[in-house]
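Order of the sequence lines fixes the chain letters, A, B, ..., with proteins taken first and strands second; residue numbering starts at 1 for each chain.
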Amino acid sequence: MSFLTPAFLFGVLAAALPVALHLIGRRPALRVVFPAVRLLKRAPAQETRRRRLRELLLLAVRVATVVLLAVAFARPYLVRAVTPPRASAVVVAVDRSFSMSAPGSFARALSRARNIVARTPFGAPVGLVAFDDGAEVMVKPSQDRSAVQAALDRLKPGYGATSYGTALARAADSLGSSRGRVVVITDLQQGGWDRRDVAIPDGIDVEVEDVGGPSSNLSVANLQRADGGLTAVVRNSGAAGRTGRAKLTIGGQVRGLVPFSLDGGAAREIAFPGGPPATGEATVEINDPNGYQADNKTYALLDPPDPPWLLVITGEGDLSRGAFYLDRALAVDNGSLFRVETEQAARFSSHATTVPLQECSGLVLLGTRGLTDQAIQAIERFVTAGGGLLVPIDDQVSASALAPVFGGRLAVSFEALSSSADAGLLTADLRHPIFRSIEAGAFAGARFERVARIGLPRATVLARFANGQPAILEQRRGAGRVLVFLSDLSNRWNDLPLQPAFLPLVHQMARYLAGGRLPAREFLVSSVPADVEHRPGVVSTRGPDAAGRARRIVVNVDPRESDVRRMTAAEFEQVIARSRGSAGAAADARQSEQQQGLWRLAVAAVVGLLLTEGLLGVRSASSRGHI
Amino acid sequence: MSTPTRELRYLDPAVLARLGTLELKARTVVEGFLSGLHRSPFKGFSVEFAEYRQYIPGDDLSTIDWKIYARSDRYYVKKFEEETNLECRLLVDVSGSMAYRSRGPSKLEYASYLAASLAYLMQRQRDAVGLATFDHRVVSMLPPGVRPGHLTAVLSALDRMEAGDRTAVARPFHQLAESLTKRGLVIVISDLLDEPEHVIEGLKHFRFRGTDVIVFQVLDRDELQFPFESPARFADPETGEEMTATPSLVRRQYLDELQTLLQRYERDLRVSSIDYCLLDTSQPLDHALLAYLRTRSKRH
């Protein structure tokens, strides 16, 4: 028997109350000196015994009433009643994560699976699910045993990590509404439970078949440029110390061979001497024939990352006036750092631009003349979706027109600065990314003749003019960011573009704007783009952009799967039991409790006991002469 | 002239309790009692008056006291100027149980009033009166005497009585019976809350010695009626033994037991020619005095 609200069982403690009252009341407080006690002693013994028996019965009834009341509130139900009937259908879930690539592991798994299929009683449907961090129904539960055997023949260990929750959920789905049994054949890696919660429907038994695993495993991961060379991390997840050599290969040629020695459970970074080429594919490989095979090699792409795409919108389309200094600053190093597209506001509004906004990493708005409301709303959507926007407030930009972008209508005024004391730009927070590699007084010599004043809601001041007025503001809009420069960037109202620090400032602002939308090029097997096969290596993908440009990405295995720590079958089943004991089981328990309605019986018993108590109480009271 | 009713009210123990000395109490009782016997408290009661005795066929009918007849349904005649030399001993129980009281006087106080009244009456009849107190042993003893001032000694001894230890009458009764040198009258005043066999054996010993015995069993009204209502722990004052009981539950059995005990005393003592009189501490003392006179006249 179990209880839906067991906290009410604490009410059983109240049963001590009638016991205490009985003990107190059993010995009358009144003491009477009476010489003829000897006559009293002869008479009432038999009656007293009967009365004592009646009082004990009364006490028992009262205690039972309290206990039953507590039990009724605790909502009892019989656990046996919610135990599902013996499973009929069987789904075999085979672990094909790369940890099963240890020598012998997968062969044992297949053998176990075949045995289970063979042992399943005739007539019981059998299905097959293969799982790693995803789960695939290879064969839906059916009477076709040969289909299951054929699927097992095709099954191989993959490159994914283990996720028992995914496997169990998928296996349960494949059983549909029917009850059944899921047999998980796995090496019982501990890490398999980390990735998601498991929710196992009631009526499904889960069994586990342990195929064992290696006691030690070497893995290599995290190959990257560092200090002009390449480094990688090797890890020994076994208990005993290991030694080995890491081989660096770039473009198919071995470029380094570095020995290493690792204590049990240790990891260390190894550096490969020599400068790597600017482009190409690199791999580091170790030799671990007894461990997992997929984590013996890691991949890296030496190509520089794709430059951020910036779209500069001007009002007049006159590059020499609107975007000249920005364009020149962004085009340094032969345009390898940024890809800049300049567009007239009117053309942008007509959607005739050659660069779709959603492809851009950042947007620089130097003029609003010609921007339609639709274009401004598109910019607002771009920003809130994670894009970056730089807006210098000058006579080319109508801040009021940009109200949707800023999240409210703005009051803008312009001010001419005549005093030399007002000149200069002071950074408010040098730790901000746009001031990276810029010294504190880098803009102190800039002369500002005209500046804008604006009340931007929820904005942070990043820099101020010498007179204390805000110069650069940042506003977070959704997932994106907006930088507002309160003067112009075209050498008309100030000479900032002529300052040496202008170039790094523009570069850092561009990178900051583009930061949220730079395309990723390093993936784990479990998270590769849809058009990429789930296996490690350097591959090409069309990427997420609509332009369909191919780009190269690196896919590596999940390093968490390299851990050889395992759990026992009992521990695995405990996790299942805990899962059943939580949400799903609670609902089932509630249903069972409602169906059985044992609390009603308890309440009925309480009513009966109260009637009995009343009768006994009346008799007891009348026998005492109190009525 | 006082009315008999007014005089008799001084026989009420509750009224007596408010009087001063024990001698005053005794005198009040006896004279009130005697005044109730006669039309006038002093008529016929003089130095010549000696005693009453039961009517014997042949006696002068004019000497029959019709008051006594009305009270006792027996014929008594007044004897005048008859010298007596009766030796009378008062044995008063001073065990712990005698200290019990419910509303009026305690059993011990009642016993002292009774003993004092009897002593006073005896002295008026020129009988020698002695006093012994006992619980499980003889506590004090005053030999019978008729000298002037002896009554004062008796009353003083009665006044000093305090309830003592447990009751065990066998030993003191046998001791006192053995100490008797002359036939006389023994008056036992006790609650007799002891084993009846021991009590009766002890009293028989007095009879064996040729002594007349009157037994006044003094009980409190609570002991006779058991009027308690609430459950309580009933504690024996002598042994300290406690018993928890619900009065309504045990009353009937208790009263049956008590009745059995009283009937046994009455029956067995009658067989042994011992006068037995049950007294309730709320009752007037004239019952006891009448019983005494009855026995006195019968034996002497």
Side-chain angles (χ1 to χ4, degrees), chain A residues 15-63 65-66 609-627, chain B residues 93 95-102 106-108 163 166-167 190-196 217-262 264 281:
Chain A
L17 199 61
V19 174
L21 290 175
H22 173 79
L23 291 175
I24 292 169
R26 196 176 62 173
R27 186 177 171 83
L30 183 62
R31 184 175 185 271
V32 174
V33 173
F34 189 67
V37 168
R38 70 173 66 222
L39 298 178
L40 271 178
K41 287 176 66 180
R42 294 175 193 163
Q46 190 173 358
E47 189 67 20
T48 301
R49 273 200 297 273
R50 193 182 305 154
R51 180 174 157 255
R52 189 168 298 158
L53 187 67
R54 193 157 53 220
E55 288 192 343
L56 283 177
L57 191 60
L58 195 61
L59 173 68
V61 167
R62 287 169 178 165
V63 168
T65 302
V66 173
L609 284 171
L610 285 175
L611 289 172
T612 308
E613 195 270 349
L615 291 172
L616 284 172
V618 166
R619 291 193 63 183
S620 183
S622 60
S623 71
R624 289 194 205 107
H626 288 170
I627 291 179
Chain B
D93 183 357
S95 64
S97 60
M98 291 293 286
Y100 183 75
R101 80 171 76 228
S102 54
S106 69
K107 291 190 287 186
L108 189 60
R166 62 191 170 83
T167 309
S190 168
D191 58 8
L192 298 183
L193 291 177
D194 194 1
E195 289 302 321
Q217 186 176 15
V218 180
L219 291 176
D220 192 273
R221 179 169 284 182
D222 284 359
E223 291 169 321
L224 290 167
Q225 297 180 352
F226 202 69
F228 304 103
E229 291 295 334
S230 302
R233 289 179 288 132
F234 293 91
D236 191 318
E238 294 183 3
T239 63
E241 187 180 7
E242 289 188 0
M243 181 185 174
T244 302
T246 303
S248 60
L249 195 65
V250 301
R251 181 176 296 113
R252 186 170 54 82
Q253 291 90 341
Y254 169 82
L255 294 176
D256 288 347
E257 283 291 326
L258 179 66
Q259 201 59 38
T260 302
L261 178 70
L262 300 181
R264 180 176 179 185
T281 56

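In terms of heavy atoms, B:F226 sits closest to A:L40 at CZ-CD2, 3.6 Å. Residue A:V37 comes nearest to B:A235 through the heavy atom pair CG2-C, 3.7 Å, listed as atom of the first residue, atom of the second, then distance. Pairing each heavy atom of A:P35 with each of B:Y100, the nearest pair is CG-CB, 3.4 Å. The minimum heavy-atom distance between B:E223 and A:A36, with the atom names listed, is OE2-N, 4.4 Å. For the pair B:F228 and A:V32, the tightest heavy-atom approach, listed with the atom from each and the gap, is CE2-CG1, 3.8 Å.
Summarising the local packing, CZ of B:R264 is surrounded by more than 12 heavy atoms from other residues, nucleotides or ligands at distances under 6.0 Å.
Of the residues listed (B:D256, B:V250, B:L258, B:L255), the one engaging A:L39 in a side-chain contact (heavy atoms from CB on, under 4.5 Å) is B:L258, and it is the only one.
A salt bridge is defined here as a Lys NZ or Arg NE, NH1 or NH2 lying under 4.0 Å from an Asp or Glu carboxylate O, and A:R38 with B:E195 meets this definition.
Using a 4.5 Å cut-off between heavy atoms, B:E238 makes no contact with chain A at all.
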